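Remarks on the structure that follows.
Chain naming here is simple, since letters A, B, ... match the order of the sequence lines and numbering starts at 1 in each. None of these values were measured; they are calculated from a predicted model.
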Amino acid sequence: MPGLKGRVVGQHWYTPYVFMLPGLLFYAAMFAWPAAIAIQLAFSDYDIVHPVRFSGLDNFVRLAHDPRVWIALRNSLLFVLMFLPLTVVAPLFLAMLVNLKLRAIQAFRMLYYLPVITSMVAVAVAWRYVFNREGVVNWLLGLFGAGPTDFLLDRHWALPTVVLLEAWKNAGLFMMIYLAGLQAVPADQLEAATIDGANAWQRLLHVVVPSLRPTFAVTLVLSMLEAMRAFESVYVLTRGGPLDATLTLGYYIWSKAFEDYDMGYASAVGLLLWAIMIVLAGFNLLVTRRRDV
Amino acid sequence: MARRLYRPKRRINGRRIGLYVLLIAVAALFVGPFLILLSAATKPASQDVFGFPPDLIPRPPVADWFREAWTTIPYARFLVNSVIYVGITVPVYLVVSALTAYPLARIAFRGRGVFFMLFLSIMFLPGELMLIPRFLVMSQLGLTDTFAAVILPAVLSSLGIFLLRQAFSQIPDEIVEAARVDGANEFAIFWRICVPIVAPTLAVLAILGFVSVWNSFIWPLVVLTSQSKFPIALGIAYLSGVSGTDVRGLAAGTVISLVPVVIVFLLLQKRILNSMGGAVKG
């Protein structure tokens, strides 16, 4: 750090804080303060009407015995498990496809990215048309003799359909992350492997994948966090139904807080979700750290 | 054997055609749902929206449903609201992010790393988890059901500070020193020299900010009660809840809401696409 001792001309001790003042104010009001309230509420009873009442660990005891928390936890983990291959593996192949030196390749990148920039609400409307009983997907399945299914109303299909929507919507983003990684793969290594007689599959496995390790660390954690906090898609497609089949932790928090006004308990579940996300992020830190060694 | 001799050239063409077929098939996967939406929105009432086999070409295409969506809900109002939300949030977001990132990159002071980590910690406070406490903060500030309540939480993001800090720190010292020798104060250096240099990063953040504000749904849903303040995404959800809305009308309303984002995307696609890889690589 240059100039830590001798101060630069025109800078005072307070200069950096003056610059950061608006940012710090917004941070305090919109992040630090709410975070403190969230922690306080997790140990309290609060229904909006009556004043906040400290209740110790009651919410967490209740949480441990609440079957719906376990359903939500299971659904969220299933969400992660289904979401991971769709966002960590499949987009790598998409990226390889749009990394080809072909005419108009930028147009294809753009088309694959389109769902990323459109709103979940709009996309959900489109998906309901695609996946409804008389929709295109059921017609295609019908060609193979499968009967029509109401995917979003079916206890077994609802969650995979929501996961598929989230993966479809985010695939372009993951693709672009991989594309940046692919373009940094050393060309001479690829060439050397080709000369040594490696086929495309071997080049992918032994040259491309190892050099993409830092990229995988990013996509892995991004994917896990996206899946854990999935909420908007559930809200607009299924509202947690049918029969809690798509009840994720995020949706459970919402419904406890803004349907039952059980703010304290909802905050406790929120803290649980937060803890899970921190653990997942820590896991990512370990993975990325190893690359520096 | 003779066939094999000139095979290589033809195979390259065959391979190229095959790749384009694959590219187009994948494109259909990503764009298909939007086309189905557009098809539903332009079909006349006499034509089924669904059915086996799917019949996607409207005969003839009609604009009735766009008119219906426009009048069933206060559509223009929602669009104007969204424009207001974007128009206020994005500039404030850019100014606050640039001001915050500048000293983190260019002024040496004790605790700089700590402040940087503090702002990066925003990443671990995702909006989904902040709904309840932020709602309570807004009630305490008396701001529920106001435009300000929608805007305030959106003016700070870890990505913005991260990218701008990176951009500021890449400015060569000589440029700044020259101005300093000429007697410019720190704010003048920031505003007249450094901000213009990081304009490309600001542009990327402006686009990302526009998209995220335009699409924001859950937070406005929580904090707004008056329909007159709804942004467009909330308006679409409202339209789909209005009883008796025809599937074609809902499709049309949805299509209109997509138009601004898609136009911005088409105009600035290179920047948007390149930003994501760059953000993660940095």
Is there a side-chain contact between [X] and [Y] (heavy atoms, below 4.5 Å)?
X: A:Thr15; Y: B:Phe187; value: no
X: B:Val211; Y: A:Val116; value: no
X: B:Pro103; Y: A:Tyr17; value: no
X: A:Leu111; Y: B:Leu23; value: no
X: A:Met175; Y: B:Phe30; value: no
X: A:Gln11; Y: B:Arg180; value: yes
X: B:Leu156; Y: A:Met30; value: no
X: A:Val236; Y: B:Phe217; value: yes

Based on non-hydrogen pairs under 4.5 Å, which of [options] is most in contact with chain B?
options: A:Leu24, A:Val130, A:Leu41; answer: A:Leu24
options: A:Gly250, A:Gly135, A:Ala36, A:Ala257; answer: A:Gly135
options: A:Ile48, A:Ile37, A:Ile105; answer: A:Ile37
options: A:Pro16, A:Ala104, A:Ala35; answer: A:Pro16

Are any side-chain N or O atoms of [X] and backbone N or O atoms of [Y], one a donor and one an acceptor, separated by less than 3.5 Å?
X: B:Arg134; Y: A:Pro34; answer: no
X: B:Trp214; Y: A:Ser119; answer: no
X: B:Asn215; Y: A:Met120; answer: no
X: B:Tyr20; Y: A:Leu102; answer: no

Closest heavy-atom pair, B:Pro153 versus A:Phe31, reported as atoms and distance to 0.1 Å, is O-CZ, 4.4 Å
Provide the closest heavy-atom pair for A:Met20 versus B:Thr100 in the form atom of the first, atom of the second, distance.
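Smallest heavy-atom distance, with atoms named: CG-O, 3.8 Å.
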For B:Val155, enumerate each residue passing the side chain to side chain contact (heavy atoms under 4.5 Å, CB included) test, keeping only those at least two apart in sequence or located in another chain.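 For B:Val155, the residues satisfying side chain to side chain contact (heavy atoms under 4.5 Å, CB included) (neighbours in sequence not counted) are A:Phe26, B:Thr89, B:Val92, B:Ile151.
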Straight-line distance of [X] [atom1] to [Y] [atom2], nearest 0.5 Å:
X: A:Trp274; Y: B:Leu125; atom1: CH2; atom2: CG; result: 6.0 Å
X: A:Trp13; Y: B:Arg110; atom1: CH2; atom2: CZ; result: 13.5 Å
X: A:Trp33; Y: B:Gln140; atom1: CH2; atom2: CD; result: 4.5 Å
X: A:Tyr112; Y: B:Leu29; atom1: OH; atom2: CG; result: 9.0 Å
X: A:Trp127; Y: B:Leu37; atom1: CH2; atom2: CG; result: 13.5 Å
X: A:Met110; Y: B:Phe265; atom1: CE; atom2: CZ; result: 6.0 Å

With a 4.5 angstrom heavy-atom cut-off, which part of [X] approaches chain A: side chain, backbone, both or neither?
X: B:Met123; result: neither
X: B:Ser121; result: side chain
X: B:Ala40; result: side chain
X: B:Tyr102; result: side chain
X: B:Leu129; result: side chain
X: B:Ile24; result: both
X: B:Leu131; result: both

Report which part of [X] has an atom under 4.5 Å of a heavy atom belonging to chain B: side chain, backbone, both, or neither.
X: A:Val123; result: side chain
X: A:Arg103; result: both
X: A:Leu94; result: side chain
X: A:Asn138; result: both

query = Taking everything shown except B:Trp219 itself, do over 12 heavy atoms lie less than 6.0 Å from its CH2?
reply =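 For B:Trp219, atom CH2 is crowded (more than 12 foreign heavy atoms under 6.0 Å).
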- Taking everything shown except B:Trp191 itself, do over 12 heavy atoms lie less than 6.0 Å from its CH2? no
Given B:Ile189, B:Ile232, B:Ile122, the one with more heavy-atom pairs under 4.5 angstrom with chain A than any other is B:Ile122
Report the C-alpha distance between A:Val121 and B:Leu234 in whole Å, list the side-chain angles of each, state the deciding distance to 0.1 Å, and finish with yes or no for side-chain contact (heavy atoms from CB on, under 4.5 Å).
CA-CA 8 Å; A:Val121 179; B:Leu234 213 48; over 6 Å; no
query = Can you list the residues that meet the ring-ring contact (aromatic ring centres under 6.0 Å, His included) rule with A:Phe258, with sequence neighbours excluded?
reply =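 Partners of A:Phe258 under the ring-ring contact (aromatic ring centres under 6.0 Å, His included) test: A:Trp254, B:Phe135.
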Is the distance between the ring centroids of B:Phe115 and A:Tyr27 less than 6.0 Å?
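Distance test on ring centres: not under 6.0 Å, no.
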